[in-house]
Number of protein chains: 2
Amino acid sequence: MNQPCHQHAIPRRLVQQPLSELTDRLRARSRKVTGQREAILDVLRRHANPLTNREIHAALRGSGCDLATIYRTMHTLLGMGVVRRCDFGDGVARFELATGDAHHHHLVCRACGMVVEVDDCFPAALEEAIARRHGFVGIAHRLEFFGVCPRCQDPEPGPPKAP
Amino acid sequence: MNQPCHQHAIPRRLVQQPLSELTDRLRARSRKVTGQREAILDVLRRHANPLTNREIHAALRGSGCDLATIYRTMHTLLGMGVVRRCDFGDGVARFELATGDAHHHHLVCRACGMVVEVDDCFPAALEEAIARRHGFVGIAHRLEFFGVCPRCQDPEPGPPKAP
DNA sequence: GGGTTGCTTGCAAATCAATTGCAGTTGGGG
DNA sequence: CCCCAACTGCAATTGATTTGCAAGCAACCC
Ligand SMILES: [Mn+2]
Ligand SMILES: [Mn+2]
Ligand SMILES: [Zn+2]
Ligand SMILES: [Zn+2]
């Protein structure tokens, strides 16, 4: 898991959310729409994959926004449900715009770090059975898949790839 | 997630592994069986839940074993497949003895941190379908459940519980 | 049993992600 | 245009985990 994000491809599910819609959600809670926040939200909008705060900071190279501000902003957006945090087990938090209601999971390449969105989810019936069996309420889950992507499988030449 | 481990109950699935069997696996790889490693393995053997390095260190209060040594030992044991690491999303790694072949998952109480072992797993057929769909190989998953345990649900009196 | 050697350990310093105190800015409701 | 709570940059701090290094010790060989 090295190179952060290859595919600057067209964000599959996120591109639709207009920036104005996001900023409105800020105003609605008496949060201020600052240039930094707009810039951060815009970076998230144009990326398909979850980004680390450091990656967001790098993407904002020009508009010098402090790393601490990004950390604080992500915390705020997380609390508002605007972004979602995911954890790929490398000790660094990643964020992506929350897509309406439903959550989703990821398939991460162990070699190059490429991320694929996965819509399949843990069977709801089974999850409820587990909760009931142990008397838990308000149950939720955290699920990520790991493997080796097609490009990292065959050691043939081609575009530079991670070790 | 505050109080580390309530239930010092009988380790359900781990207690069977004799310490000698574990130390033998060390010798087999030209690793040395030191007093510290035996002590660490013994702590893991007698706990049913995943423990943080700090918790292991606390459990070893008497036999003063350095925290750095515990970190290094867990890294070694992880590489040997003797222990497994799990991540409850609070930025602290937890370890438990690996149980032979099959992995398992956990149900964690958001209030008190109590951990329940969960044997249900993500449907293998679906996982394979996901891997095939995206051309990934060597696929695996990381899955944990979160909720509120029975004791933390009703605000009635009784034994002290987390806020 | 004593000696050799490479794996280990304790201790302290270094990394790294993430958080926080503080003083100076600024968005935006009035 | 004014005012003030919400923000921000910057530097210091916290907490987990890692690492350099010299001393220690288990495993192995005579
Ligand atoms: Mn995603
Ligand atoms: Mn377990
Ligand atoms: Zn799901
Ligand atoms: Zn599983």
Side-chain angles (χ1 to χ4, degrees), chain A residues 1-2 4 19-20 22-41 43 50-58 60-80 82-83 85-95 113, chain B residues 1-2 4 19-20 22-41 43 50-58 60-80 82-83 85-95 113:
Chain A
M1 192 183 298
N2 312 312
L19 206 163
S20 59
L22 295 170
T23 54
D24 284 346
R25 297 178 62 178
L26 281 169
R27 291 200 186 79
R29 296 217 199 180
S30 71
R31 287 9 251 281
K32 296 185 175 176
V33 179
T34 65
Q36 291 88 328
R37 290 182 174 176
E38 279 193 331
I40 291 173
L41 284 170
V43 167
L51 300 176
T52 66
N53 284 325
R54 190 170 298 285
E55 287 170 342
I56 295 173
H57 184 246
L60 261 38
R61 246 187 306 298
S63 59
C65 171
D66 196 82
L67 230 198
T69 297
I70 296 178
Y71 273 99
R72 279 189 278 231
T73 297
M74 298 319 289
H75 190 269
T76 296
L77 295 177
L78 197 58
M80 293 177 56
V82 173
V83 301
R85 173 167 56 200
C86 46
D87 176 6
F88 294 165
D90 62 350
V92 190
R94 288 177 168 71
F95 302 87
Chain B
M1 194 181 299
N2 312 312
L19 207 163
S20 60
L22 294 170
T23 54
D24 284 346
R25 297 179 62 177
L26 281 169
R27 291 201 186 79
R29 296 216 196 181
S30 72
R31 280 23 242 283
K32 297 185 176 175
V33 178
T34 65
Q36 290 89 326
R37 288 181 175 176
E38 279 193 331
I40 291 173
L41 284 169
V43 168
L51 300 176
T52 65
N53 284 325
R54 189 169 297 286
E55 288 171 342
I56 295 173
H57 184 246
L60 262 37
R61 243 186 309 297
S63 59
C65 171
D66 196 83
L67 229 198
T69 297
I70 296 178
Y71 273 99
R72 280 189 279 231
T73 298
M74 298 319 291
H75 189 268
T76 296
L77 296 177
L78 198 57
M80 293 176 58
V82 173
V83 301
R85 171 167 56 200
C86 46
D87 176 6
F88 294 165
D90 63 349
V92 189
R94 288 178 168 71
F95 302 88

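Just so it is clear: chains get the letters A, B, ... in the order the sequence lines come, proteins before strands, and each one is counted from 1. Worth knowing before you read on, the calculation uses all heavy atoms, side chains too, and leaves out hydrogens, waters and symmetry mates. No experiment lies behind these values; they were computed from the predicted model shown.
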Open item on the list: Go nucleotide by nucleotide along DNA chain D from the 5' end; which of A:Gly64 and B:Gly35 gets its closest nucleotide reached first?
Closed with: A:Gly64
Open item on the list: With a 4.5 Å cut-off on side-chain heavy atoms, are A:Cys86 and A:Phe95 touching?
Closed with: no
Task: Any B:Arg72 side-chain nitrogen or oxygen under 4.0 Å from OP1 or OP2 of C:dT8 - done: no
TODO: Could you check how far CG of B:Leu26 sits from C1' of C:dC7, rounded to whole Å?
DONE: 12 Å
- [ ] Measure from NE2 on B:His57 to C1' on D:dA16 and round the result to the nearest Å.
- [x] 14 Å
Task: Rounded distance (Å) that lies between atom P of C:dT9 and atom CG of B:Leu60 - done: 12 Å
TODO: For A:Arg37 and D:dG9, give me the distance from atom CZ to atom C1', rounded to whole Å.
DONE: 14 Å
TODO: Look at the side-chain N and O atoms of B:Thr73 and state whether any lies under 4.0 Å from the OP1 or OP2 oxygen of C:dT8.
DONE: no
Open item on the list: Just the rounded figure in Å: distance from C1' of D:dG15 to CG of B:Asn53.
Closed with: 13 Å
TODO: Compare all side-chain heavy atoms of B:Leu60 with those of B:Ile56 and state whether any distance is below 4.5 angstrom.
DONE: yes
Open item on the list: Measuring to OP1 and OP2 of D:dT17, would you say a side-chain N or O of B:Tyr71 lies under 4.0 angstrom away?
Closed with: yes
Open item on the list: Tell me whether the side-chain N/O atoms of B:Gln36 come closer than 4.0 Å to OP1 or OP2 in D:dC25.
Closed with: no
Open item on the list: Any side-chain N or O of B:Thr69 below 4.0 angstrom from OP1/OP2 of C:dG10?
Closed with: yes
Task: Rounded distance (Å) that lies between atom P of D:dG15 and atom CG of B:Leu67 - done: 14 Å
Open item on the list: From the set D:dC7, D:dC10, D:dA27, return the single nucleotide nearest to any side-chain atom of B:Val33.
Closed with: D:dA27
- [ ] Please report, rounded to the nearest Å, how far the C1' atom of C:dG27 is from the CZ atom of A:Arg31.
- [x] 14 Å
Task: Closest to side chain of A:Cys65, choosing from C:dA18, D:dA26, D:dG9 - done: D:dG9
Task: Along DNA chain C (nearest heavy atom to each residue), the more 5'-positioned of B:Lys32 and B:Asp66 - done: B:Lys32
